[in-house]
Amino acid sequence: MPKERPLWRGPAFRLCLLSAALFLCLQLGMRRSWCPEEKPRAPAAVVAAAGRALPPARGTEQHPGAAVAASKRRVTYVRSGRRGSATPGCCPLQRPDGRRRKTLRWHIELQPWASPTPSLNYEALRFLKYISTSQISCEHTNVNSLRGYSETSKRPWSICLDEKFSLIHRIKSKQCRLYSLGLGNDDNQFEISMANSGCEVHRFDPSIKSAHIQEGRHLWYHRLSIDWRDPNPAIAAHKLHSNTKKLGTILNEFGHQKIDVLKADVESAEWKILENLILEDVVEQIGQLVFEVHIHWPGFEVSGNDSTVVRYWYSLLRELELKDFRLFHTYKDLSKPQLFLKKEAFNASSCYTLSWVNTRWK
């Protein structure tokens with residue numbers, strides 16, 4: 001009689017064990033598919049450099065569909081920026097007038113020396129010839145032709161009123177604006193005549209007692225001094241009766257975009273003020289310049305030997321020419337001392353009144 005086999009060696013038992021193992025494998029596979037292993041996170045610096053968002057913290061994972069949608073939104077934003085949307089993400093913001101903000105300049109470009117070696121004689125002759133020669137003709141420069149002009153001004157503040165330039169048209173349409181920079185000067189007939197002609201006139205003088213004074217409909221006085229730099233706020237807080245600001249700062253505070261005429265008689269501060277207007281491109285917002293320049297000494301904060309100073313003066317005026325300003329009137333004041341850098345030389349006066357017109361002004 002044959003011996004009976006144990007139960008665990010039977011085919012039915014083996015089939016049960018095989019089925020159990022297969023079921024266990026299927027369970028492990030399903031768990032791996034639904035709960036994938038979390039990948040190690042990349043360092044934050046690497047992720048930022050690659051331009052990708054940081055992964056969510058543990059326990060805040062998003063649905064795969066949300067990640068795909070976010071990726072699509074990012075692609076759409078970049079594409080819309082390339083197509084020239086209002087605020088593209090790839091391009092810098094522009095000025096309200098549509099022009100790109102220019103690179104900030106820290107100094108003007110000095111012109112080459114007038115001679116192979118620095119020489120005061122050559123520099124002075126070049127400079128004096130430049131300020132004594134008109135670059136463009138202007139037939140109508142007499143402010144007496146303006147309506148409301150009551151008496152002759154003590155100084156020849158000449159503006160160009162030719163039809164080919166816009167100032168006369170803006171005066172007739174009552175849309176002109178004049179800024180006058182001074183230091184306690186009582187000669188204000190030029191400003192009064194412009195105001196009586198309908199121009200909006202702002203006279204800046206730190207010597208007046210009140211912060212702002214209005215005379216008539218179009219003339220304002222402001223207790224402000226125009227400078228080539230804004231003051232230190234800590235120092236300015238202690239000054240109760242005066243204030244000093246750059247012209248660009250004043251324009252922003254007053255909300256003015258353009259000045260038709262800028263008149264300046266600032267007693268040797270004109271060179272540094274003019275340099276600031278050029279470096280910050282404020283001069284491009286001005287239609288005509290009427291400056292009294294003083295050459296009996298270098299001027300405030302203008303340093304160097306005599307030949308270097310004259311080269312600097314000349315370079316400033318050439319910068320104006322590069323900005324499309326043309327000298328149309330020059331006046332040599334013979335009533336002032338005949339000095340050039342503290343010397344009686346070159347038959348020069350210590351004071352000249354120069355008038356430029358911006359030929360691109362509209």
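The residues of the chain are indexed from 1 along the displayed sequence.
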- Message: When you measure from the side chain of Ser315 to the backbone of Gln111, do you find a donor-acceptor pair of N or O atoms at a distance under 3.5 Å?
- Response: yes

- By salt bridge (charged side-chain N to carboxylate O under 4.0 Å, His left out), which residues pair with Glu215, not counting sequence neighbours? none

- What's the shortest heavy-atom distance between Leu219 and Ala195, and which atoms? CB-CB, 4.1 Å

- Item | Side-chain donor or acceptor of Glu267 paired with backbone N/O of Leu183 under 3.5 Å | no

- Is Asp306 salt-bridged to Lys342, going by a charged N under 4.0 Å from an acidic O? no

- Query: Partners of Glu139 by side chain to side chain contact (heavy atoms under 4.5 Å, CB included), sequence neighbours excluded?
  - Reply: Asp162

- How many angstroms lie between atom CG of Leu354 and atom CZ of Phe291, to the nearest 0.5 angstrom? 10.0 Å

- Query: Residues two or more places apart in sequence or in another chain: which of them pass side chain to side chain contact (heavy atoms under 4.5 Å, CB included) with Glu344?
  - Reply: Leu339

- Message: Evaluate His140 against Phe165 for ring pair (Phe, Tyr, Trp, His ring centres under 6.0 Å), listing each step before the verdict.
- Response: CA-CA 11 Å; His140 304 92; Phe165 299 116; over 10 Å; no

- Message: If we ignore hydrogens and angles and just use 3.5 Å, is the side chain of Thr133 paired with the main-chain N or O of Tyr130 as donor and acceptor?
- Response: no

- Note on the structure: residues 342-362 vs ring-ring contact (aromatic ring centres under 6.0 Å, His included), sequence neighbours excluded, gives Phe340-Phe346

- Message: If you apply the rule side chain to side chain donor-acceptor pair (under 3.5 Å), what do you find for Tyr179 with His256, and how did you get there?
- Response: CA-CA 11 Å; Tyr179 271 31; His256 296 161; 2.6 Å; yes

- Message: Tell me if a side-chain donor or acceptor on Glu319 pairs with a main-chain N or O of Glu109 at a distance below 3.5 Å.
- Response: yes

- Query: Who are the disulfide bond (SG atoms under 2.5 Å apart) partners of Cys351, not counting sequence neighbours?
  - Reply: none

- Query: For Tyr314 and Arg318, does a side-chain donor sit closer than 3.5 Å to a side-chain acceptor?
  - Reply: yes

- The complete set of salt bridge (charged side-chain N to carboxylate O under 4.0 Å, His left out) pairs with one or both residues in residues 308-317, sequence neighbours excluded, reads none

- Task: Examine the side chains of Gln214 and His212 and answer whether a donor and an acceptor come within less than 3.5 Å of each other.
- Result: no

- Query: Would you find a donor on one side and an acceptor on the other, under 3.5 Å apart, between the side chain of Lys174 and the backbone of Ser197?
  - Reply: yes

- Pair Asn121, Ser119: side-chain N/O donor-acceptor within cut-off below 3.5 Å: no

- Query: Does a donor on one side chain and an acceptor on the other come within less than 3.5 Å for Trp297 and Ser268?
  - Reply: yes

- Query: If you group Ile, Leu, Val, Met, Phe, Trp and Tyr by side-chain heavy-atom gaps below 4.5 Å, do Phe204 and Trp220 land in one group?
  - Reply: no

- Message: Looking only at side-chain N and O atoms, does Asn305 offer a donor or acceptor that is under 3.5 Å from a partner on Thr308?
- Response: yes

- Message: A side-chain contact here means heavy atoms from C-beta on lying under 4.5 Å apart; do Ile286 and Val261 qualify?
- Response: no

- Note on the structure: Residues passing the side chain to side chain donor-acceptor pair (under 3.5 Å) test with Tyr122, sequence neighbours excluded, are none

- Query: What residues, two or more places apart in sequence or in another chain, satisfy side chain to side chain donor-acceptor pair (under 3.5 Å) together with Arg360?
  - Reply: Asp324

- Report yes if some heavy atom in the side chain of Leu167 is under 4.5 Å from a heavy atom in the side chain of Ile159; otherwise report no. yes

- Correct closest heavy-atom pair for Asn358 and Val283 would be ND2-O, 4.4 Å

- Nearest 0.5 Å please: distance from the CH2 atom of Trp271 over to the CG atom of Asn276. 15.5 Å

- Within the distance-only criterion (no hydrogens, no angle test), does the side chain of Ser349 pair as donor or acceptor with the backbone N or O of Gln338 below 3.5 angstrom? no

- Message: More than 12 heavy atoms of other residues, nucleotides or ligands under 6.0 Å from CD of Gln257: yes or no?
- Response: no

- Query: Quick check: does any side chain N or O of Ser355 sit under 3.5 Å from a backbone N or O of Phe328, one acting as donor and the other as acceptor?
  - Reply: no

- Message: Could you see if Trp313 belongs to whatever hydrophobic cluster contains Trp113? Use Ile, Leu, Val, Met, Phe, Trp, Tyr and a side-chain cutoff under 4.5 Å.
- Response: no

- Message: Measuring from atom CH2 of Trp157 to atom OG of Ser193, what distance do you get when rounded to the nearest 0.5 angstrom?
- Response: 12.5 Å

- Could you tell me whether a side-chain N or O of Ser225 sits under 3.5 Å from a main-chain N or O of Thr244, the two making a donor and an acceptor? no

- Please answer: with hydrophobic residues joined when any side-chain heavy atoms are less than 4.5 Å apart, are Val357 and Tyr331 in the same cluster? no

- Note on the structure: Those residues at least two apart in sequence (or on a different chain) that pass side chain to side chain contact (heavy atoms under 4.5 Å, CB included) with Ser180 are Glu191, Arg203, Lys263

- Task: Any disulfide (SG to SG under 2.5 Å) involving residues 276-324? Give me the pairs, sequence neighbours left out, ordered by first then second residue.
- Result: none

- Query: Can you get from Ile136 to Phe325 by hopping between Ile, Leu, Val, Met, Phe, Trp and Tyr side chains that sit under 4.5 Å apart?
  - Reply: no

- Centroid-centroid distance, His107 to Tyr312, less than 6.0 Å: no

- Note on the structure: Between the CZ atom in Arg105 and the CD atom in Glu275, the distance rounded to the nearest 0.5 Å is 9.5 Å

- Between the CG atom in Leu316 and the CD1 atom in Ile273, the distance rounded to the nearest 0.5 Å is 12.0 Å

- Query: Do the side chains of Asn347 and Lys332 get nearer than 4.5 Å, heavy atoms only?
  - Reply: yes

- Item | Closest non-hydrogen atom pair between Arg223 and Ser210, with its separation | CB-O, 3.3 Å

- Go through the structure and list residues passing side chain to side chain donor-acceptor pair (under 3.5 Å) with His296, not counting sequence neighbours. none

- Distance-only, no hydrogens or angles: does the Glu200 side chain make a donor-acceptor pair with backbone N or O of His218 under 3.5 Å? no

- Task: Could you check if a side-chain atom of Cys199 sits within less than 4.5 angstrom of a side-chain atom of Arg177, using non-hydrogen atoms only?
- Result: no

- Hey, are Lys245 and Glu253 close enough for a salt bridge, meaning a charged N less than 4.0 Å from a carboxylate O? yes

- Task: Please tell me if the side chains of Leu262 and Leu247 come closer than 4.5 Å, counting only heavy atoms from C-beta onward.
- Result: yes

- Message: Membership question, hydrophobic clusters at under 4.5 Å side-chain separation (ILVMFWY): are Trp228 and Leu277 in the same one?
- Response: yes

- Query: Quick one: CD on Glu321 to OG1 on Thr359, what's the gap to the nearest 0.5 Å?
  - Reply: 10.0 Å

- For Ser173 and Arg170, indicate whether the former's side chain and the latter's backbone hold a donor-acceptor pair under 3.5 Å. yes

- At their closest point, which heavy atom of Leu120 faces which heavy atom of Val310, and how far apart are they? CD1-CG2, 3.9 Å

- All salt bridge (charged side-chain N to carboxylate O under 4.0 Å, His left out) counterparts of Glu163, not counting sequence neighbours: Lys172

- Note on the structure: Scanning both residues in full, the closest heavy-atom pair of Ile226 with Lys246 reads CG2-C, 4.5 Å

- Asp281 vs Lys323 side-chain heavy atoms within contact, under 4.5 Å: yes

- Note on the structure: Note: Ser158 and Val290 closest approach over all heavy atoms is O-CG2, 3.4 Å

